[in-house]
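Quick note: residue numbers are just sequence positions, from 1. Every number for a ligand or one of its atoms is a count from 1 in the order of the listing. Keep in mind that what you see is a predicted model, and the values were worked out from it rather than measured.
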Amino acid sequence: MALVVQKFGGTSVADAERMREVAHHVSRTVRRGDQVVLVVSAMGKETDELLRLAGEVSVVHPGREMDMLITAGERKAMALVCMALHHIGIDSESFTGSQAGFLTDNNHQNAKILDVRPSRVQASLDAGRVPVIGGSQGVSIDNDVTFLGRGGSDTTAVAIAHALSADTCELYTDVTGVFTTDPRVVPTARRMHNVSFDELLEMTATGCPKPAMRSVEYARTHGVRLHVRSAFTWQEGTWVDEEVSNMEQAIVSAVTHDMAEAKMTLAGVPDRPGVAAKVFRALADLEVNVDMIVQNVSTQGVTDISFTVPHNDLPRAMEHTQLLADELGAGGVTADDSIARVSVIGAGMRSNPGVAATMFETLANCGVNIQMISTSAIRVSCVVDGDEVENAVRALHDVFGLAED
Ligand code: ASP
Ligand code: MG
């Protein structure tokens, strides 16, 4: 008998019909002799709808009230899914994040899990029931309801899987798994049979939308084996696990892209110790997450520093960097929000030179100019013009032989 956590995303529980299908799938799993814990997201676009309502009612959005509001979406879904299970004779009970033992910090709208105390969920399992947990929520150390952030249900699922020592955590969604690149850009993109935690983490950090990056981090830290699969076809999807040493491992496993960052350039800053520290400490204090950073060779004692920041943070980052530029006597600050980042990822890169060279040659052959470069042990990323990124993705997917054959 295995213990399986099954998480269903918004589209998987979007209406009554979908909920009945989910219930039947749970029934199949139970008949196979396995125990199931369910985690559900809010139905369909419910979270967006609740956020929209909040915007309509007020310009003031206290974190505590926002979390009370948003978590109502998952609460509605979990009670309905329970009823769908009862309807086909499966004894089940729903649990809010708090009831399920998710203790979080006070950081409303993006709370972090501090501890999971799953005694009620365990008791429910021991009594032969199917516990259904509302995703993306918990209770803070101050006893308030908290929301774990967008995509937080994936994290709920991974965390409860770890807390209960489940055998697998299945993340059901509306696609059939993790792909070698975005299938909307490259129709021949291939579903990966398996991918390592490290690779998937790099992928989610550079544009792969699912699963949520935080959940992959959690899974990697605690070694929770994931299975990303479809709640529409129910076919086997992508397994996410520790890296296996495999002689035939591809050097490059995936190509990702994202348009979520903007580039800022601080021109003509004095080239002396402490300047970069000052600039990036100021951004850190603003909670701006800086990604790529490039500093030019200095000429005549001054240099340029370019870096990328998330689009949403650009106005704040610009304002404060401008002030700092004046203070430092720098040349000025400019921003470009039409950039994109294209990345190639593969664990095989660790032991195979030449990936960066092939990537740059491929971009050159398409006439794509590289504005910035960054690398990790298993990733090479380039910032390019936003209009050219899809071409770049297609060419790279092709050159590294990732398409379906
Ligand atoms: N419903 C929430 C969202 O859309 C949480 C989740 O689905 O993970 O972000
Ligand atoms: Mg969701």
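Every atom of ligand 1 is numbered from 1 in the order shown, and the set under 4.0 Å from a heavy atom of S41 is 6 (C), 7 (O), 8 (O). Close approach to S153 involves these atoms of ligand 1, each under 4.0 Å from a residue heavy atom: 5 (C), 6 (C), 7 (O), 8 (O). If you number the atoms of ligand 1 from 1 as listed, the ones under 4.0 Å from a heavy atom of R150 come out as 3 (C), 4 (O), 9 (O). Within the listing of ligand 1, atoms 1 (N), 2 (C), 5 (C) sit less than 4.0 angstrom from a heavy atom of E74.
Below 3.5 Å of separation, one finds no N or O of F147 facing any N or O of ligand 1. Backbone and side-chain nitrogen or oxygen atoms of G152 are examined, and one is located within less than 3.5 angstrom of a nitrogen or oxygen of ligand 1. The shortest N or O to N or O distance between S136 and ligand 1 is not under 3.5 Å. The shortest N or O to N or O distance between D154 and ligand 1 is not under 3.5 Å.
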Walk me through whether I133 and V121 qualify under side chain to side chain contact (heavy atoms under 4.5 Å, CB included). CA-CA 9 Å; I133 302 172; V121 177; 4.0 Å; yes
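Within the 4.0 Å heavy-atom shell around ligand 1 one finds G151.
Scored by the ring-ring contact (aromatic ring centres under 6.0 Å, His included) test, F360 finds no partners at all (sequence neighbours excluded). Every side-chain contact (heavy atoms from CB on, under 4.5 Å) that K76 has, sequence neighbours left out, goes to M43, E46, L80.
Under the 3.5 Å distance criterion, with hydrogens and angles disregarded, no donor-acceptor pair is assigned to the side chains of N365 and E361.
H61 places a side-chain N or O within donor-acceptor distance of the main-chain N or O of A54, the cut-off being under 3.5 Å.
Y172 and H25 have perpendicular rings, their planes meeting at more than 60° on a 0 to 90° scale where under 30° would count as parallel.
Atom CZ of R75 sits in a sparse spot, with 12 or fewer heavy atoms from other residues, nucleotides or ligands closer than 6.0 Å.
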